[in-house]
A.B. asks: 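Right, I'll just put the structure down here and ask away after.
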Amino acid sequence: MGLIKPFAMGGRVELAKTNWPGVAHYLEGSTLLLIPVGSVEQHGPNGLIGTDHLVAEALARRVGEEEGILVAPTLAYGMSHHHLAFPGSTSLSPRTLILVVNDLLSNFYRNGFRRFFFVNGHGGNDSSLKAAFSEFLLDHPEGRTSLANWWLLPEVVEKEKEFFGKVNGYHATCGEVSVTWHLFPDHETPIAPGQAPDPHHEWPLGPDRFRSLYPDGRMGSDPSLSTAGKGAVLFDLATRVIRERVREFGSAP
Ligand code: NI
């Protein structure tokens with residue numbers, strides 16, 4: 001029996017690092033699963049390609065640790081068609097993302113999970129995630145789904161406005177760059193001051209059109225204002241708000 005290490009609350013929260021008896025034990029007390037989702041796409045000349053999935057993963061793991069909730073392996077790839085004119089970016093198509101998410105939910109459901117809370121780091125995933133939830137809920141009446149887009153949480157929006165004003169921008173934002181500098185200080189890459197072009201209110205965009213409107217990949221942001229200290233504040237704030245939402249979701253009838 002020495003090989004079986006049941007899941008212990010308040011420590012091992014990664015599904016990938018537990019085992020099936022541990023998960024079975026967990027399911028006796030909770031059917032809640034956190035699922036981080038992001039993208040693999042350019043984030044301007046100084047932002048990390050993995051920004052969206054790395055931040056979502058860090059947030060989900062922090063909340064999972066604090067609340068004793070299992071965290072599924074991160075769905076790192078997302079719907080990033082508009083970024084494909086930049087090297088290092090790749091994408092699932094919207095329909096593929098819907099199918100992948102529906103498959104994951106349906107098969108976790110088969111094993112006993114019922115409540116799925118997605119921590120999302122990427123705007124391009126939002127509509128496909130919600131479409132996947134609609135598909136899943138049709139056939140799984142006891143299933144429950146919820147989604148937190150961390151950068152759109154009202155508390156985070158307000159704090160970013162206070163920190164960066166209008167030049168926070170819409171992609172490769174001061175806020176998300178700050179959070180990655182907080183999480184990965186070895187990857188802090190400064191950038192010369194200057195605001196990227198403002199959005200043209202044309203959406204969605206194909207990859208070539210995107211690059212012609214936003215030549216260096218940023219949308220309206222001036223990430224020279226980013227600091228790891230501000231990133232720490234934003235990360236803690238997002239953690240607190242998501243934790244509250246997870247608690248509410250987990251205890252709802
Ligand atoms: Ni991003």
Side-chain angles (χ1 to χ4, degrees), residues 35-62 74-92 94 97 118-130 147-157 159-161 163-164 166-184 187-191 195-199 203-205 207 210-211 213-228 230-235 237-239 241-242:
I35 306 181
V37 54
S39 71
V40 176
E41 69 184 30
Q42 67 85 16
H43 273 76
N46 72 324
L48 302 182
I49 297 278
T51 296
D52 293 344
H53 75 260
L54 293 169
V55 173
E57 181 174 88
L59 287 168
R61 285 187 185 171
R62 171 71 75 83
T74 303
L75 183 51
Y77 299 93
M79 206 306 284
S80 304
H81 281 179
H82 42 298
H83 295 295
L84 290 177
F86 294 87
S89 303
T90 191
S91 183
L92 303 176
L97 183 55
F118 281 70
V119 179
N120 180 34
H122 174 52
N125 293 340
D126 185 75
S127 53
S128 296
L129 290 174
K130 286 171 181 164
L147 169 65
N149 294 314
W150 76 266
W151 73 102
L152 292 179
L153 298 169
E155 296 86 343
V156 172
V157 170
K159 185 56 78 177
E160 290 190 341
K161 200 179 287 176
F163 279 160
F164 311 115
K166 271 186 70 177
V167 297
N168 188 48
Y170 299 89
H171 182 67
T173 65
C174 306
E176 63 182 340
V177 169
S178 294
V179 173
T180 56
W181 287 3
H182 160 61
L183 294 172
F184 310 103
H187 295 274
E188 196 169 315
T189 311
I191 185 172
Q195 187 185 6
D198 252 329
W203 199 260
L205 299 169
F210 183 99
R211 185 149 188 177
L213 292 176
Y214 307 103
D216 76 3
R218 296 175 292 155
M219 300 171 75
S221 66
D222 179 2
S224 71
L225 302 177
S226 302
T227 70
K230 287 173 181 162
V233 171
L234 292 168
F235 184 78
L237 180 59
T239 301
V241 178
I242 292 171

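Read the numbers this way: they start at 1 and go in the same order the structure lists the ligands and their atoms.
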A.B. asks: Measuring only between side-chain heavy atoms, which start at C-beta, is T180 closer than 4.5 Å to L54?
C.D. replies: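 In short, these two side chains do not touch, never coming nearer than 4.5 Å.
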
A.B. asks: Is there side-chain contact between L205 and W203, with at least one heavy-atom pair below 4.5 Å?
C.D. replies: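 When only atoms from C-beta onward are counted, W203 and L205 do touch, with a gap below 4.5 Å.
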
A.B. asks: So how many protein N, O or S atoms does the Ni ion (ligand 1) have within less than 2.8 Å?
C.D. replies: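 Those protein atoms number 3 in total.
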
A.B. asks: Please tell me if the side chains of P204 and H82 come closer than 4.5 Å, counting only heavy atoms from C-beta onward.
C.D. replies: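 No, side chains not in contact.
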
A.B. asks: Which word best sums up how the rings of F86 and H83 line up, parallel for under 30°, tilted for 30 to 60°, or perpendicular for over 60°?
C.D. replies: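 Taking H83 first and then F86, their aromatic rings sit tilted (interplane angle of 30° to 60°).
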
A.B. asks: Do F118 and N125 have side-chain heavy atoms sitting under 4.5 Å apart?
C.D. replies: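 The answer is no; the side chains never approach within 4.5 Å.
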
A.B. asks: So, do V241 and V156 sit near enough that their side-chain heavy atoms are less than 4.5 Å apart?
C.D. replies: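 No, too far: nothing below the 4.5 Å cut-off.
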
